[in-house]
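Report on the following structure.
Note on naming: letters A, B, ... go to the chains in the order of the sequence lines (proteins, then strands), and numbering restarts at 1 for each one.
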Amino acid sequence: MKTEQKIRAAVVQCLADQFQKSVDPETISLSETRKEFPGDITVTTFPLAKLGIGSPEKIGESLGNYLRENLSEVSEFNVVKGFLNISLSEAYWFDFFHSIKIEDFVRSEVGKGQKVIVEFSSPNTNKPLHLGHLRNNFLGDSVSRILAANGFEVIKACLYNDRGIAICKSMVAFRREANGATPGSTGKKPDHFVVDYYVRFASMVIEETIAELVNLGFEEKAATLLLQGKGKDLTEEDKAALGQIKSAMKERGIELDQLKENTPAMKEAREMLLEWEAGQPEVIALWKKLNDWVYEGFKATYERIYVTFDHLYYESQTYLTGNDLIAEGLEKGVFFTKEDGSVWIDLTADKLDMKVVRRADGTSMYITQDIGTAESRATEYGMNKSVYVVADEQDYHFKVLFLIMKKLGREWADGMYHLSYGMVDLPSGRMKSREGTVVDADDLLNVVRDAVEVETQEKGRIEGLSDQQLQELYEMIGVGALKFFILRVKPDKRMVFDPEESVNLYGDTGPFVSYAHARARSILRKVDEMGIGGESRKYASLADAEKSVLRQIAKYPDLLVEAAQKYDPSLIAAFALDLAKEFNRMVHEVHVLRAENPDASRFRYELSQLVAELIRHSMGLLGIKVPDQM
RNA sequence: GCGCUCAUAGCUCAACUGGAUAGAGCAGCUGCCUUCUAAGCAGCAGGUUCGGGGUUCGAGUCCCUGUGGGCGUACCA
């Protein structure tokens, strides 16, 4: 804030004038005054005592007097120990309020002329979107919006992991058992339809493994226990049978994992992958059919959470890239070849390890692809920054990737950033697909939406809304509740997601903020209907609650920049929440419609308008829409 | 084993990057709806910031150490 710079400068000036000490303005410690003390801005004077010019209290007094005399913004001050609390004048706050131009207020130009690619979402096409993907999507989408609000040209990219053994498993199960079924014929959401075959494949493997064990002369009951008894309560008899089959297998040198790997289903999947790589037409056609269904299903979910992409990448098209760079790296001596033909990079000097970047058989791997796609993006877009929204389990991978690009001499490597976020846990612990605890994204969205519907039916101000508008309202508040719940938490923190608590619509939640907005809009509508005279500029005595609202508003411009620099939507969420709180307090303490005089009415009307705009804008940066009534 | 990371109220999260008496919400308790939306407001209660050292005028924050989680350390992605 400009005012802060003025204060810093004045403090420096005062130290020079009165104590002949020269101090760097940036070292002056400024902070917001804690609300239990009078004042707006606090200068901490402890560090200045080191200059040998008196006690912190004395310095505070001197500075306070100087600031009050020399800065018109400063109306009064008080000193508590080493803290100089400065109050800004009412005139200052009114000036601030009247000077706000909303379009300028809600955007910065720190990213002007810079291009940034944000890659996020990037799902596998064999699994449905789940809670973890939601955090990724919400973060990537919100960060994109925040960057755009700071003047960056943002390109949102999504990389579909559409190939590999996993999707082949779904294909095998589908080919064996679908009998012409389609999402349409079963009434299922297309991505879930495909995923069911992936799940089905797993049980095929189990069935076939049991069959093979029986074939090898083991009892079916014992074999079944071995494959499916995990995590279940077993009787003593079962346990005995289980122990028996295990030791018998060991004796005969039979390994369970190998049996599984060699089931007809697994063989078929591996064959299919080879056929896919060979471009076998039927396999490709099947692959396309299933993936198209998955995309159709994903699309519905993306629309629901208002997430869009500017560019879609498909791993099936990029998985071979990167080899040129490997060659270049070898030439430059960045990489080296081992006897077996594999290509490596030695990162031990950078406190990392030896890493393989290309297999001995010449095929590329994950890191090879990432090297390739990073390069092609740079040539395609010439971006200044490249943000990868990927969970923190891949921290090491990105350290390596960025380092490699740098060693290859790519100057844009400095602009690569891994927006690493913590996993989402359930109260019971980590989500595990094997244990069926994965929270499906679509299900979750429905559950929250339904909770909102119940609440709204009971308490909402929904007169005059059509059925369709009501449906949209439930959806809007529900999606917002979920986004807010997740974005509130700092990205790098691992978070616990309690489905029970996520449908709570009270307290520090998205609906709370939405509610404040609806409330403000409602007041504004009423004022518009009745019409009030008055002039906001003639109002000149700020109530406490009004000033608190203004103080909160004043934080927004800096926060916007900070959120972009830190890639952190939780800062915006905290702002929206605090603004809503301050506004609720204001509404409770002063009246807009029945104010002391028309000037007060007018001022509060305009202030409420600004609050509503800022709630809408800040929530918008989180990818959340807010209703005009609820 | 080595590397990275986390630990704050019963639970979920904050704490302006080293500043004042560590703050919110949920859960619990108490008030407030003939007055602009009670999805709200006001209040009570709840803490040895994992333990132990250290640096500093000042530490939840920095350093060391111990304990306990998580992740990584694949010619998987």
Side-chain angles (χ1 to χ4, degrees), chain A residues 29-37 42 44 46-47 49-50 56 80-83 85 124 161 164-166 315 338 340-344 351-353 355-367 369-370 391-397 399 420 422-423 425 427 430 452 455-456 458-461 477 481 485 488-490 492-498 500-502 504-516 518-527 530 555 558-559 562 570-571 574 577-578 580-581 584-585 587-595 601 604-605 608 629-630:
Chain A
S29 159
L30 285 192
S31 57
E32 194 183 328
T33 304
R34 294 181 69 104
K35 62 174 184 282
E36 56 265 41
F37 298 96
T42 294
T44 310
F46 286 112
K50 285 196 182 121
V80 183
K81 293 185 281 183
F83 300 98
N85 302 317
N124 296 328
N161 297 308
I165 191 72
E315 200 198 311
K338 280 199 179 174
D340 63 2
S342 56
V343 180
W344 293 69
K351 292 185 179 168
L352 301 177
D353 300 310
K355 293 294 297 182
V356 190
V357 293
R358 190 171 69 189
R359 293 193 187 94
D361 64 9
T363 56
S364 65
M365 37 199 296
Y366 184 42
I367 189 94
Q369 292 172 43
D370 270 357
D392 62 9
E393 57 188 353
Q394 295 194 40
D395 284 356
Y396 187 76
H397 170 77
K399 266 189 203 168
S420 165
M423 300 288 213
D425 284 324
R430 192 167 181 173
V452 170
E455 181 73 12
T456 307
E458 196 180 319
K459 298 191 170 171
R461 304 297 179 95
I477 299 172
F485 193 87
R488 255 192 82 197
V489 182
K490 270 195 184 311
D492 58 344
K493 273 195 85 153
R494 199 177 177 94
M495 69 177 286
V496 175
F497 183 92
D498 186 346
E500 301 273 318
E501 204 191 320
S502 72
N504 177 26
L505 311 172
Y506 304 94
D508 290 354
T509 64
F512 173 92
V513 181
S514 298
Y515 182 75
R519 222 174 169 185
R521 287 286 167 218
S522 165
I523 291 172
L524 295 171
R525 276 195 300 275
K526 290 219 161 101
V527 172
M530 295 179 60
K555 295 178 191 170
D558 286 347
L559 201 66
E562 193 186 351
S570 75
L571 297 171
L577 201 51
D578 286 342
K581 279 183 188 173
N584 279 337
R585 191 160 77 89
V587 167
H588 195 258
E589 287 180 17
V590 299
H591 279 262
V592 181
L593 221 43
R594 267 175 300 281
S601 264
R604 288 170 194 156
Y605 172 85
S608 301
Q629 66 184 100
M630 66 186 274

What nucleic acid atoms does [X] come within less than 4.0 Å of, heavy atoms only: base, sugar-phosphate, or nothing?
{"X": "Pro47(A)", "result": "base"}
{"X": "Gln629(A)", "result": "base"}
{"X": "Val592(A)", "result": "base"}
{"X": "Asn504(A)", "result": "sugar-phosphate"}
{"X": "Val587(A)", "result": "base"}
{"X": "Asp370(A)", "result": "nothing"}
{"X": "Tyr396(A)", "result": "sugar-phosphate"}
{"X": "Val590(A)", "result": "base"}
{"X": "Lys351(A)", "result": "nothing"}
{"X": "Thr363(A)", "result": "nothing"}
{"X": "Asp395(A)", "result": "nothing"}

Is the closest side-chain heavy-atom distance between [X] and [Y] below 4.5 Å?
{"X": "Ser608(A)", "Y": "Leu524(A)", "answer": "yes"}
{"X": "Phe512(A)", "Y": "Asn584(A)", "answer": "yes"}
{"X": "Ser514(A)", "Y": "Met630(A)", "answer": "yes"}

Spacing of [X] atom [atom1] relative to [N] atom [atom2], expressed in whole Å:
{"X": "Gln369(A)", "N": "A77(B)", "atom1": "CD", "atom2": "C1'", "value": "8 Å"}
{"X": "Phe37(A)", "N": "U21(B)", "atom1": "CZ", "atom2": "P", "value": "8 Å"}
{"X": "Glu500(A)", "N": "C26(B)", "atom1": "CD", "atom2": "P", "value": "16 Å"}
{"X": "Lys81(A)", "N": "G19(B)", "atom1": "NZ", "atom2": "C1'", "value": "10 Å"}
{"X": "Lys490(A)", "N": "A7(B)", "atom1": "NZ", "atom2": "P", "value": "12 Å"}
{"X": "Leu352(A)", "N": "G72(B)", "atom1": "CG", "atom2": "P", "value": "16 Å"}
{"X": "Glu458(A)", "N": "U37(B)", "atom1": "CD", "atom2": "P", "value": "19 Å"}
{"X": "Glu36(A)", "N": "G19(B)", "atom1": "CD", "atom2": "P", "value": "15 Å"}

Of Thr44(A) and Gly460(A), the one whose closest RNA chain B nucleotide lies more 5': Thr44(A)
Identify, between Val527(A) and Thr42(A), the residue whose nearest nucleotide on RNA chain B lies closer to the 5' end.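 The answer here is Thr42(A).
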Residues in side-chain hydrogen bond (donor to acceptor under 3.5 Å, both in side chains) with [X], at least two apart?
{"X": "Asp498(A)", "answer": "none"}
{"X": "Arg488(A)", "answer": "none"}
{"X": "Arg430(A)", "answer": "none"}
{"X": "Glu36(A)", "answer": "Arg34(A)"}

Quick check for you: among [options], whose closest atom lies nearest to any side-chain atom of [X]?
{"X": "Ile477(A)", "options": "A77(B), C36(B), A39(B)", "answer": "A39(B)"}
{"X": "Val452(A)", "options": "C26(B), C36(B), A39(B)", "answer": "A39(B)"}
{"X": "Lys493(A)", "options": "U8(B), C57(B), U37(B)", "answer": "U8(B)"}

Look at the side-chain N and O atoms of [X] and state whether any lies under 4.0 Å from the OP1 or OP2 oxygen of [N].
{"X": "Lys35(A)", "N": "C16(B)", "value": "no"}
{"X": "Arg488(A)", "N": "C13(B)", "value": "no"}
{"X": "Lys459(A)", "N": "A39(B)", "value": "yes"}
{"X": "Lys399(A)", "N": "G72(B)", "value": "no"}
{"X": "Arg34(A)", "N": "G23(B)", "value": "yes"}

Rounded P spacing from A39(B) to G68(B) in Å: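 Going atom to atom, P in each nucleotide, I get 48 Å.
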At a cut-off of 3.5 Å, list every protein nitrogen or oxygen paired with a nitrogen or oxygen from nucleotides 60-62 of chain B, distance to 0.1 Å.
none

Of Val592(A), Ile523(A), Val587(A), the residue whose pairing with Arg604(A) passes side chain to side chain contact (heavy atoms under 4.5 Å, CB included): Val592(A)
Sort me out a list of protein N/O and nucleotides 40-46 of chain B N/O pairs below 3.5 Å, or just none if empty.
| unit_1 | atom_1 | unit_2 | atom_2 | d |
| --- | --- | --- | --- | --- |
| G40(B) | OP1 | Gly507(A) | N | 3.3 |
| G40(B) | O3' | Asn584(A) | ND2 | 3.2 |
| G40(B) | O2' | Arg519(A) | NH1 | 2.9 |
| C41(B) | O2' | His588(A) | ND1 | 2.9 |

Aromatic-base stack, Phe83(A) on G19(B), cutoff 5.5 Å, angle under 30: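 No; by the centre-distance and plane-angle rule, Phe83(A) does not count as stacking on G19(B).
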Contacts of type salt bridge (charged side-chain N to carboxylate O under 4.0 Å, His left out), residue Asp425(A), not counting sequence neighbours: Arg494(A)
Could you work out, with salt bridge (charged side-chain N to carboxylate O under 4.0 Å, His left out) as the rule, every residue matching Lys459(A), not counting sequence neighbours?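 Lys459(A) satisfies salt bridge (charged side-chain N to carboxylate O under 4.0 Å, His left out) with Glu455(A) once adjacent residues are dropped.
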Ring geometry between Tyr366(A) and His397(A) (parallel below 30°, tilted from 30 to 60°, perpendicular above 60°):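 His397(A) and Tyr366(A): parallel rings.
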Side-chain donor/acceptor of Ser342(A) to backbone N/O of Lys338(A), under 3.5 Å: no
With side-chain contact (heavy atoms from CB on, under 4.5 Å) as the criterion, how do Asp353(A) and Tyr396(A) come out once you've worked through the C-alpha distance, each side chain's angles and the decisive distance to 0.1 Å? CA-CA 10 Å; Asp353(A) 300 310; Tyr396(A) 187 76; 2.8 Å; yes
Test for a donor-acceptor pair under 3.5 Å between the base of A39(B) and the side chain of Thr456(A), counting only N and O atoms. yes
Name all residues meeting the side-chain contact (heavy atoms from CB on, under 4.5 Å) criterion together with Ser364(A); count only those two or more places apart in sequence or in a different chain, and write none if there are none. Thr368(A), Gln369(A)
Among residues at least two apart in sequence or on other chains, which ones pass side-chain contact (heavy atoms from CB on, under 4.5 Å) with Asn124(A)?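 For Asn124(A), the residues satisfying side-chain contact (heavy atoms from CB on, under 4.5 Å) (neighbours in sequence not counted) are Asn126(A), Asn161(A).
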Give the stems involving RNA chain B, where a stem is 3 or more consecutive Watson-Crick or G-U wobble pairs (i with j, i+1 with j-1, and so on) under 3.5 Å. B:1-7 with B:67-73, B:10-13 with B:23-26, B:28-32 with B:40-44, B:50-54 with B:62-66
For nucleotides 67-71 of chain B, tabulate all protein N/O to nucleotide N/O atom pairs closer than 3.5 Å, reporting atom names and distance.
| unit_1 | atom_1 | unit_2 | atom_2 | d |
| --- | --- | --- | --- | --- |
| G70(B) | O2' | Arg494(A) | NH1 | 2.7 |
| C71(B) | OP1 | Arg430(A) | NH1 | 2.7 |

